[in-house]
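Order of the sequence lines sets the chain letters (A, B, ...), proteins ahead of strands, with each chain counted from 1. A quick note: this is a predicted structure, and the numbers were derived from the prediction, not measured.
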Amino acid sequence: MNLKTSAAVYQKEMLEIFRDRRTMISMVVVPLLAIPLLFSLINGFMTSREKEAQGEALTVGVLGEDKLPTVIEALKAAGFRPIAKADLRAAVEKKEVAAAVEETEDATGEKYVNVYIDRTRQASEIAGDKIETALEKLKTDTVRASLRGSGLPEKILTPFTTKNVNVASEKKMSGLVFGSALGYVVILLMFTGAMYPAIDMTAGEKERRTLEAVLASPAGRNEIVLGKIAATATAAFITALLTLGSMAYSFRFSPQAASTRETLHMAPPDMGSLVLVMVTVIPTAIVAASLMVAIALFAKSYKEGMSYLTPIVMLAAFPAVVGMLPGLELTPALALIPIFNVCQLIKEIFLGEFSRVAYAVAFGANLVYAAIGFFVASKLFKSESVLFRV
Amino acid sequence: MIRVDNLAKSFHDKKRGIVHALDHVSFDVKAGEIFGLLGPNGAGKTTCLRLLATILKPTEGTAEVGGADIVRSPEAVRRQIGFLSGDMGIPARLTPREVLAFFGKLNGLEGEKLRRRIDEMVETFEISDFANTKTDKLSTGMKQKVAIARTVLHDPPVLILDEPSSGLDVPTARLIENFMLRAKESGKCILFSTHVMEEAEYLCDRIGVVHQGKLKALGTMDELRERTGKHRLREIFLDLLEIAELAQGARK
């Protein structure tokens with residue numbers, strides 16, 4: 001094989017990639033602008049929704065101010081605004097109030113305070129939790145008042161207090177949140193980044209009738225395929241690199257991310273992990289490129305190529321979604337599953353606890369899949385029925 | 001330079017079953033000769049040229065181009081040919097210079113030799129005014145100049161041209177004709193297919209008429225006139241097709 005020929009094909013394809021608007025949007029604009037913008041919008045929307053829900057959560061339905069005066073007093077002290085309603089259940093259902101309270105009594109004379117909430121509404125959930133806390137405090141205060149008269153120490157109410165101590169480091173906390181989401185986003189965008197160049201240099205060339213001249217040149221078919229796959233893989237890798245960089249930058253520097261990091265005690269992702277992740281995705285970029293080039297070769301036009309490759313991008317997202325699930329660990333056997341293995345590795349690299357054996361197995365397996373992809377694409381590139389499908 | 005020996009190509013079509021696109025065709029083309037392949041649409045002209053350019057593989061028979069066998073040494077064949085088709089595109093996002101550099105590299109040219117050759121092509125085909133403009137901004141005539149320059153950049157001894165003037169206006173078609181005559185003068189072996197009878201009559205030293213995959217007639221204009229008793233190529237061509245169809249009817 002003449003690598004100079006492959007290099008010439010690679011160079012030409014890269015020139016075309018950098019001058020193609022569609023490819024540049026999916027490869028550069030989406031990772032650099034759209035992703036941070038999307039995260040910022042979602043974050044902003046969630047924050048404003050939560051604020052709105054917090055405000056709405058302060059309304060509580062009661063049968064009347066004269067009923068349950070102690071409870072209403074306690075709720076008022078906790079910041080609630082009691083509103084008299086005849087049908088408490090209906091008032092919560094119709095969103096007239098966030099929650100409602102009423103007192104009932106059973107046959108034995110035991111008293112119950114029923115709290116009506118709608119679990120499908122965030123405001124109602126928040127109100128339910130706050131009411132429970134306020135009523136717990138009221139209960140404790142009532143018992144405390146009774147104890148004062150009996151001479152018993154108040155301490156007997158709380159013989160001990162439980163306290164959770166998180167042993168996970170800030171890096172690990174960051175890995176849990178950042179690593180889980182990143183694998184999925186990187187894989188999804190990497191496949192999208194490879195899609196346009198793969199179609200453009202196969203079905204697109206057929207449609208524009210530029211392929212025949214290349215086939216009639218002394219270049220071997222393997223050399224041409226190698227150049228095309230290398231260029232597509234480069235586009236996929238650049239997309240991954242920019243996505244990773246953009247997400248890491250947002251996570252480290254954006255004000256919203258800073259407050260999340262503080263709340264969850266997370267450290268920003270470290271450079272070592274970022275570099276290791278970039279190395280890890282290289283074979284997957286080649287797998288994505290060879291798979292997409294091979295499939296797009298069947299298409300006669302750009303449009304047909306799109307309809308072939310869009311489901312592939314969605315299919316690639318499945319193992320990536322599974323990789324996001326908590327509790328899964330990358331065993332050497334699971335490391336053989338393409339895409340899933342790289343998502344899992346990304347997560348474990350950020351958690352700082354990946355197994356070297358699983359890493360080697362996954363890396364090796366992905367290289368083998370890349371070689372198979374190249375072999376299949378070369379075979380198809382030699383097939384007259386695929387190249388000249390009419 | 002080109003020797004076609006019993007060359008055949010058939011393929012399977014879902015609707016039509018086995019299709020004999022080229023049915024055991026033999027002819028040869030010498031250096032310094034323009035050989036025209038004529039035939040109606042679907043006659044097998046393009047298949048024949050694609051087989052000689054080693055883009056397709058023959059089902060039977062073989063051919064030699066510059067002494068290299070199209071089945072056994074396809075890469076050696078491709079090193080000796082310049083292949084141009086009328087409906088062939090050129091990469092739209094590249095400039096003519098970049099297109100020439102790419103095809104030069106595919107043909108093994110590099111460094112100073114490649115640069116010099118590109119400059120020669122730019123000058124010969126009057127490309128300099130738009131040599132650095134992306135080809136999607138060029139007119140059909142300009143694109144055709146670039147396509148011709150790309151075809152002869154590596155100075156191949158054999159030119160295979162598939163309907164090179166198809167869809168072109170008269171001045172641009174004239175460009176192609178002049179290019180072919182110049183190539184002939186410099187001793188190149190030229191095999192081309194066309195639908196334009198006047199063009200074939202004007203350019204060709206010998207003509208082969210293909211119909212339904214078979215070579216129905218082969219000879220110089222004078223030989224074809226003698227055979228059919230007609231003077232103009234248009235009449236000769238129609239006469240040959242009529243004879244071929246009558247013969248086929250009789251066989252049935």
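Proximity of a side-chain donor or acceptor of B:Arg97 to a complementary backbone N or O of B:Asn132 within less than 3.5 Å is not detected. Within the 3.5 Å criterion, the main-chain N or O of B:Asn6 finds a donor-acceptor partner in the side chain of B:Ser26.
For chain B, the option among A:Thr5, A:Leu211, A:Val214 with the highest count of heavy-atom pairs below 4.5 Å is A:Val214. Annotation: maximal heavy-atom pairing with chain A below 4.5 Å, among B:Val77, B:Asn107, B:Leu84, occurs at B:Asn107. Each of B:Arg150, B:Arg79, B:Glu98 has some count of heavy-atom pairs under 4.5 Å with chain A, and the biggest count is that of B:Glu98.
Interface remark: B:Ile90 contributes backbone atoms only to the contact with chain A (heavy atom separation under 4.5 Å). Only the side chain of B:Phe103 has a heavy atom closer than 4.5 Å to any heavy atom of chain A. For chain B, no part of A:Glu223 is nearby; none of its heavy atoms comes within less than 4.5 Å. With a threshold of 4.5 angstrom between heavy atoms, A:Asp20 approaches chain B through its backbone and through its side chain.
Looking only at atom types and distance, the side chain of A:Glu207 has no donor-acceptor partner in the side chain of A:Ser301 under 3.5 Å away. No donor-acceptor contact under 3.5 angstrom links the side chains of B:Thr62 and B:Asp5, judged on distance only. Between the side chains of B:Ser85 and A:Glu212, no donor-acceptor pair is found at a separation under 3.5 Å.
The residues B:Asp69 and B:Arg3 are annotated as not salt-bridged, no charged nitrogen and carboxylate oxygen being separated by less than 4.0 angstrom. Between A:Arg208 and A:Asp200, at least one side-chain nitrogen of the basic residue sits less than 4.0 Å from a carboxylate oxygen of the acidic one, meeting the salt-bridge criterion. Ionic pairing of A:Glu304 and A:Lys206 is not present here: no N-O contact between side-chain nitrogen and carboxylate oxygen is shorter than 4.0 angstrom.
For the pair A:Phe381/A:Val293, no side-chain contact is recorded, criterion being any heavy-atom separation below 4.5 Å from C-beta on.
For residues 39-58 of chain B, heavy-atom neighbours of chain A at less than 4.5 Å comprise B:Arg50, B:Ala53, B:Thr54, B:Ile55, B:Leu56, B:Lys57, sorted by residue number.
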